[in-house]
Amino acid sequence: MITIFKNTVIKVNGAKKADNEISPYIFSHFIEDIRDFMDGMLAYVLKDMDFEEEDMCHRGVSGPWYPVTNGKNTKYALEPAAYLHSGNSQKISMVSDDCAYSGIAQRISVKGNVEYIIKMYARSSPELDNINIEIFDCEENKRLAGTVVELPGHDWQECECRLEISEDCGNAEFRVGVDSEKYPWRDSVSTGMLWIDHISMLPADNVAYVKKEVYEYIEALNPRMLRFGGNVISAYHWKYGVGPFYQRPNMYNEAWGGMSNKYFGTDEFIELCRKLDSEPMICINAGSGTPEEAAQWIEYCNGDSSTPMGALRARNGHVEPYNVQYWQVGNEIFGEWQVGHCNAEEYGKRCAEFSRAMKKADPGILLIGCGDVVPEWNGTLLESAGEYLDFVAIHIYHGYGRLGMDKGSSDEEKFKAIVSFPEVTRHILGATDQIIKNNPGYRHIKYAITEYNTMYLPNTVRKGLPDEHTLEAGVAVAANLNEFIRNSGMVAITNFSDLVNGWTGGCIRVGDSCSDQSKGRVPGWSGKDTVVYGTPAYYILQIYAKKDIAYMVDTDINCEKYSVEVKDNNMDLKDLPVIDSVACLNRAGNILTLFAANRSLEDVEVHIELEGFNSGKEVEMWELTGEHYRDINHALDTGRIKPKTSKAEGPHFVLKAHSVYAIDFKILL
């Protein structure tokens, strides 16, 4: 039997409309080169395109590549790279008596009815004049496509070909090599040798180097701003990520391990922002970088082509300035995990020094200082650099650990803890509010929540596997967005972390390596590594960003309460409303949108009273719900949690347990 809480009333008071407009940048996202983020987002099919990963299994062959040969004496080695390249090239050396096929291969997934553009740098000993490029279906043991490409000769040159695959194949093999049966040669210096450096396979339907399907999911989010940054930025040197791909040096990812992705740098980031009509935000390297380097990055983006860095941008094919307005001075410098970590006093001085150099490069930019959830850090930062800053960045990852939850906590207590996200945010921001409001010199400062999400640490439910993508996490994100709207006078920017895969909270999931929650990372590969889907939080973020809202309208809620038992923390999470709601009016004044998150495990019957508004009974209702609060979407069931819209009649509504609603009322003017 379903329990329904009754006597819940939400009063919306039309006479109390906020003076400030809700910033569109509250609905923004975050891009970081972390774990499988770039593999999930970018359209490149092949991994380790520059042969830079460690040889873990196959002697002389890099990373995910493996040798393919029917000869007994073929040798493989990683050797110095091609001219103007950095790192390694792949060498394949064949003995003539073998008369063998010799090459390298990699497991891939391909889409049907799509043309693929394949590029590589190669050279060979003089007697080899062509190279085979083939794609096989490993399960059916059949050739899906292939071609023969003329080899450039003894010196390095670019080769290019195009292949069209007629059918989807999730378990395919990409193979490149030489069939030496027709080549008689004497085994001596410079015979039977092939070198490959950089080899890429890109579907022609990519959008700004992003997978077409992923781009469509991103576009549907209506992202108002994209942030480029994260932990990796504290050791990132921007010049390594611009210019021709082949000439970009290979970089080690000092934050997350492995090689950094050099194929998504400043120019590609700006191209994606322009396609999406999103405002770009760039976080600069204030860890190992210098003020001069930061100023040059600004000049590269915003200087005209007569400036040194503007001229470099023009040579790279982008004559017009990018006019990037939002810049963050470093990322989480307060953390010991960060390259360049320091205390608040040192960062305050560093931030001021960087800010002066960056403002000199472009006085019109807006600067975001690296703040913390600890208010003392923020106070020290503002004392040193507040005059230069426009925003203080705060990262809010909400999980069990913050509230003292552990494996002994009940499931119900954990649910109540996660959905109390808005109260935790209010507590964190409130501590710094007083610092800003009590000093007239800081009154211009706003908040930029440049990273936020549920985190679930310590994870006591799924033994280390990600569960940030549950329905309850979606409820928590919705309630937290309500809090951002309620604080829209101070909160100007919020970036959900992450956008695609990456950190375990990516709202768009691609494939089943990190994202297949039904199986986990390893083992349990489902063969669905190209599937793209949205998490419950994805649909929450989508509907909030798409609604036509401009001003918050005062609401008063009378409903059941719940409390969270907080351990070792000074937060007061007593008597919290089970319904978290906020009302917003559009600029024209003819649509009132009520967002409501039911933070209860029971259905709630709600009576909505609109005071000062003349509205009809019929409304349009958007609903995200599920049978259980820990229901998820995953690679084998991508549509378990999906929204639905319907027409309904008010003023009485039943809001289902652990569910989220957006209700549009048409206001008669």
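Taking the ring axis of F30 as reference, the NZ or CZ atom of R227 stays within 45° of it and closer than 6.0 Å to the ring centre. The cationic atom of R162 (NZ for Lys, CZ for Arg) does not lie both less than 6.0 Å from the six-membered ring centre of Y116 and within 45° of the ring axis.
Between N378 and I394, the shortest heavy-atom contact is ND2-CD1, 4.1 Å. Nearest heavy atom pair, residue A286 against residue R350, reads O-NH1, 2.7 Å. Closest of all the heavy-atom pairs between F496 and A537 is CZ-CB, 4.1 Å.
The main-chain N or O of S288 is found under 3.5 Å from a side-chain atom of N285 such that the two form a donor-acceptor pair. Y347 contributes a side-chain N or O that, together with a main-chain N or O of C370, makes up a donor-acceptor pair within less than 3.5 Å. In this structure, the side chain of S109 engages the main chain of G170 through a donor-acceptor pair within 3.5 Å. The backbone N or O of Y240 sits nowhere less than 3.5 Å from a side-chain atom of K262 that would complete a donor-acceptor pair. Checked by atom type and distance alone, the side chain of T535 never pairs as donor or acceptor with a backbone atom of H469 at under 3.5 Å.
A salt bridge between K111 and E213 is present, with a side-chain N of the basic residue lying under 4.0 Å from a carboxylate O of the acidic one. A salt bridge is defined here as a Lys NZ or Arg NE, NH1 or NH2 lying under 4.0 Å from an Asp or Glu carboxylate O, and E353 with K349 fails to meet this definition.
Ring pair F174/W65 is perpendicular by interplanar angle, where above 60° counts as perpendicular and below 30° as parallel.
Between S62 and D48, the side chains place a donor N or O and an acceptor N or O closer than 3.5 Å (distance only, hydrogens not considered). Side chain to side chain, T307 and D304 fail the donor-acceptor criterion of an N or O pair below 3.5 Å. No side-chain donor from either of E32 and N231 sits under 3.5 Å from a side-chain acceptor of the other. Judged purely by distance below 3.5 Å, without hydrogens or angles, the side chains of R356 and Y388 pair a donor atom with an acceptor atom.
Side-chain contact between N88 and E79: absent, with no pair of heavy atoms (C-beta onward) separated by less than 4.5 Å.
Residue Y209 qualifies as open at atom OH: its count of foreign heavy atoms under 6.0 Å is 12 or below.
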